[in-house]
Number of protein chains: 2
Amino acid sequence: MQSQPITTSKAKAPVTSAQMAANRSDVKRRAIVEAATRLFLEKGYPGTSMDEIAAAAEVSKVTVYKQFHDKDQLFSDIILGITERAEAIADGLQIRFEQIEDLELDLISIAVSYATGVVSPDVVRLRRLVIAEAVHFPQLAATYFAQAPQRGLAAVAKGLSSLVARDLLAIDGLDIAAMQFAYLVLGPLIDQALFLPTTEITSGQIEQHATTGVKSFLRMYTRGQQGLLPTEMPGGSTSPKSPVGGEVAKSW
Amino acid sequence: MQSQPITTSKAKAPVTSAQMAANRSDVKRRAIVEAATRLFLEKGYPGTSMDEIAAAAEVSKVTVYKQFHDKDQLFSDIILGITERAEAIADGLQIRFEQIEDLELDLISIAVSYATGVVSPDVVRLRRLVIAEAVHFPQLAATYFAQAPQRGLAAVAKGLSSLVARDLLAIDGLDIAAMQFAYLVLGPLIDQALFLPTTEITSGQIEQHATTGVKSFLRMYTRGQQGLLPTEMPGGSTSPKSPVGGEVAKSW
DNA sequence: AGAAAGAACTGTACAGTACAGTTTACGATA
DNA sequence: TATCGTAAACTGTACTGTACAGTTCTTTCT
């Protein structure tokens, strides 16, 4: 993910004068944003210097300061820029709820996608970064919180409401139910990702949390219990009782 | 962390000058630790200077460096020192599970205590601090993670097992159930506390999350209506170890 | 004499600026 | 169409001022 700039080299045919005018500065600005994004996510806010950013963007420091008033503003702009992209994901989530056919299977699949997105390295780094700077940039953190995690929750709530409308679920508190869905599936995974940056989360872990989370969720919100779908009943007493000893922290 | 002179002074009458000296150092050391703890929690690791710490402890900088080799070590010692105190809290939790009489009411009360402890300002600051420095101090973060949040989960698991033994709950996956209990109650509260440092969490919010969380939890694990238990992940047999990431990541 | 204070010092890193010279875009002119 | 002029944008380097980790030295305390 390094020298892969957008380079959409503005090639040829009809280029409006407005585009031309914006061109030179814009190219530089994009290079700065790209370099700064990578560096901030990698090394944090205080760990990244303006000299480094200028060098990585192959741009002079003065150019950086011409585009961004100071380091704080550059940082804010970048975080907010990344945050905006979260909306697409949230919307995508919601749509998938509406296309559900097999309730349990499709919910698990949605949960897997959701979790996979949220624990992906860049998203986790962003989250860590925002949390780290939440005291210094409270407004920024609040915006991120509202537009990324909370927006995801809102999408889940809407998605669930469509399932309620189709009579597949019986939910009285949509927002609470959405939180429960999200935290049952994502909670442990996010914490692990935040605290153990060197430990990679496997797709097996994601699938496990998605599966148990969704099954538990369905237990809470399907009314007839197994009214609609073959509620997976793996033969008999599959899992052995987990050790009650002191070492709970073994598998995850 | 173990640079502490043992010197368990048991005799009181004959006080050697060596003991005097040791006591004096200890007093200074404690002052340093206390000041540094406050400052690190308040202003973060890079935001706190050694000069500040020395001044706040009313001690010379040289004394700080005599007790702690460098800033990193001071930081680690302090985080680990605070972390140790979490054990007591976890143990207290476990005991309360064993004393439960009214299942729902007492569980809610436990959940309220649990959440109140976890979202208390200092605990949240500590969590934010460890997350912020997780990349720089991976070993430290791993230790904190194992000894604070994970230890809490272990205590919940043990507490739940006592309820199972008393036939009040039907749980087959204790660890999973403990996570569900914890994240149902704490998840949204912790995130809010992490991202919105200026917004205070009210006891009303805590009570609400504790109540809905516990009720949902009980719906999943009381064998009143549906005697089924959550299944332990059937499909994960092969458990593909492939790390997750890549395509979905880019868009956040 | 061992421990601490206190202040000065070293060396480095960094945010932000100043400046002198160079490149780029683009319209005007030949 | 080719050439030139100009202003804005850019570069590289050097500089200012500050902050900070860690050290050294002299003096003071107990």
Side-chain angles (χ1 to χ4, degrees), chain A residues 5 9-12 14-36 39-40 42-78 133 136-137, chain B residues 3-5 7 9 14-36 39-40 42-78 133 136-137:
Chain A
S9 41
K10 240 0 67 162
K12 28 218 70 217
V15 178
T16 76
S17 61
Q19 277 174 326
M20 287 294 269
N23 235 349
R24 196 139 78 102
S25 295
D26 268 15
V27 169
K28 303 280 180 184
R29 190 188 176 95
R30 264 193 291 272
I32 294 165
V33 167
E34 197 176 324
L39 288 171
F40 279 140
E42 226 167 67
K43 314 174 58 170
Y45 177 73
T48 302
S49 75
M50 295 298 263
D51 290 278
E52 251 178 315
I53 292 171
E58 291 179 297
V59 144
S60 86
K61 219 168 141 185
V62 177
T63 304
V64 176
Y65 278 97
K66 182 154 279 180
Q67 296 278 355
F68 302 92
H69 175 259
D70 58 13
K71 195 184 176 185
D72 281 19
Q73 196 222 309
L74 172 58
F75 182 69
S76 294
D77 278 17
I78 282 179
E133 302 303 324
H136 260 273
F137 297 88
Chain B
S3 41
Q4 192 97 253
T7 62
S9 58
V15 178
T16 72
S17 62
Q19 278 174 330
M20 296 270 295
N23 284 343
R24 204 145 62 114
S25 292
D26 270 16
V27 169
K28 302 279 181 183
R29 188 189 177 94
R30 265 191 290 273
I32 294 165
V33 167
E34 198 175 321
L39 288 170
F40 279 140
E42 226 168 67
K43 315 174 57 169
Y45 177 73
T48 302
S49 75
M50 294 298 264
D51 290 276
E52 251 177 315
I53 292 171
E58 292 180 297
V59 143
S60 84
K61 221 168 138 187
V62 181
T63 305
V64 177
Y65 277 98
K66 185 156 278 178
Q67 297 275 358
F68 302 93
H69 175 261
D70 59 13
K71 195 184 176 186
D72 280 19
Q73 197 222 310
L74 171 59
F75 182 68
S76 295
D77 278 18
I78 282 179
E133 302 303 324
H136 222 281
F137 296 88

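Small disclaimer: the values here were computed from a predicted structure and weren't measured. Just so it is clear: chains get the letters A, B, ... in the order the sequence lines come, proteins before strands, and each one is counted from 1.
Of the residues in residues 47-58 of chain A, those with a non-hydrogen atom less than 4.0 angstrom from any atom of DNA chain C are A:Thr48, A:Ser49, A:Met50. For the segment residues 62-76 of chain A, residues with any heavy atom less than 4.0 angstrom from an atom of DNA chain C are, sorted by number, A:Val62, A:Tyr65, A:Asp70, A:Lys71.
Annotation: ring pair (Phe, Tyr, Trp, His ring centres under 6.0 Å) contacts of B:Phe40 (sequence neighbours excluded): B:Tyr45, B:Phe75. In this structure A:Glu52 satisfies the salt bridge (charged side-chain N to carboxylate O under 4.0 Å, His left out) test together with A:Lys43, sequence neighbours excluded.
For C:dA5, one of the phosphate oxygens OP1 or OP2 lies less than 4.0 angstrom from a side-chain nitrogen or oxygen of B:Lys28.
A:Ile53 and A:Ala35 make their closest contact through O-CB, 4.1 Å (heavy atoms, listed as atom of the first residue, atom of the second, distance).
Among residue pairs with one or both ends in residues 56-68 of chain A, those qualifying as salt bridge (Lys or Arg N to Asp or Glu O under 4.0 Å) are A:Asp51-A:Lys61; sequence neighbours excluded. Applying the salt bridge (Lys or Arg N to Asp or Glu O under 4.0 Å) definition to pairs two or more places apart or across chains, those involving residues 69-78 of chain A are A:Arg29-A:Asp77.
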Verdict with supporting geometry, A:Val59 and A:Gln67, side chain to side chain contact (heavy atoms under 4.5 Å, CB included): CA-CA 11 Å; A:Val59 144; A:Gln67 296 278 355; over 6 Å; no

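Annotation: the span from A:Gln73 atom CD to A:Ile78 atom CD1 amounts to 10.5 Å, rounded to 0.5 Å. Of the inter-residue distances, the one linking A:Met50 atom CE with A:Leu39 atom CG reads 11.5 Å to the nearest 0.5 angstrom.
The CZ atom of A:Arg29 sits 11 Å away from the P atom of D:dC10 (whole-angstrom rounding).
Scanning atom types as modelled, one donor and one acceptor separated by under 3.5 angstrom connect the side chain of A:Lys61 and the base of C:dG16.
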